[in-house]
Amino acid sequence: QVQLVESGGGSVQSGGSLRLSCTASGLTGDVVMIGWFRQAPGKEREGVSCIVRGDGRAYYADSVKGRFTISRDNAKNAVYLQMNSLKPEDTATYYCSGSFIRAYGYNWMNPQIYTDWGQGTQVTVSS
C-alpha cells in the first residue's frame with residue numbers, strides 16, 4: 001500500500017509563493033503518475049497538476065499554467081509543486097495521490113484513476 005504525506009502548505013498573501021512536497025512510502029514501479037489535487041470548501045476535488053514518474057512529463061490545469069511547476073525526485077520518492085503568483089482562488093486543501101494508470105490528454109484530472117490519497121495540506125491565499 002502506498003502512503004503519501006503532503007507538506008509545505010501555509011498562509012500567504014496574493015502574489016506569494018509556496019512549495020508543496022509529497023513524500024511517498026511503499027511506492028512501487030507500478031505507480032506511473034503522481035497527481036496534485038485541491039479541494040475548497042463546498043467544491044469538488046479538482047486536478048491541479050500531474051507528473052509521469054518515468055519520463056517526467058507534466059500536465060497542468062489551465063487555471064495554474066504558467067504559475068505552478070511540478071517536479072519529481074524518484075530517488076527520494078518525492079514530488080514537489082512550486083506555486084508562484086498565488087491567488088485567493090488557489091485557497092484549498094491540496095492532496096497528492098498516485099495512479100497505476102498512464103493517462104493522456106485531460107484524463108489525468110480524473111480523481112477516480114488515483115488511489116491512496118494523503119491527508120492534505122492547507123493553502124490559504126489572502127488578498
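Computation of the quantities below employed the complete heavy-atom set of this structure, encompassing side-chain atoms and omitting hydrogens, waters and symmetry-equivalent molecules.
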> Quick check, are the ring centers of Tyr114 and Phe37 under 6.0 angstrom apart?
Replying inline: yes
>> Surrounding NZ of Lys65 (heavy atoms of other residues, nucleotides or ligands, distance under 6.0 Å), is the total greater than 12?
In response: yes
> Are Lys87 and Asp90 close enough for a salt bridge, meaning some N to O gap below 4.0 Å?
Replying inline: no
> Quick one: is the NZ or CZ of Arg45 closer than 6.0 Å to the six-membered ring centre of Tyr95, and within 45° of its axis?
Replying inline: yes
>> Can you see whether Tyr80 has Arg72 sitting over its ring - NZ or CZ less than 6.0 Å from the centre and within 45° of the normal?
In response: no
Does any N or O in the side chain of [X] come within less than 3.5 Å of the main-chain N or O of [Y], such that one atom is a donor and the other an acceptor?
X      : Y      : result
Ser85  : Gly15  : no
Arg57  : Arg53  : no
Glu6   : Gln119 : yes
Thr23  : Ala78  : no
Asn107 : Tyr104 : yes
Asn74  : Asn77  : no

>> Under a 3.5 Å threshold, yes or no: a donor from one side chain and an acceptor from the other, between Gln122 and Thr93?
In response: yes
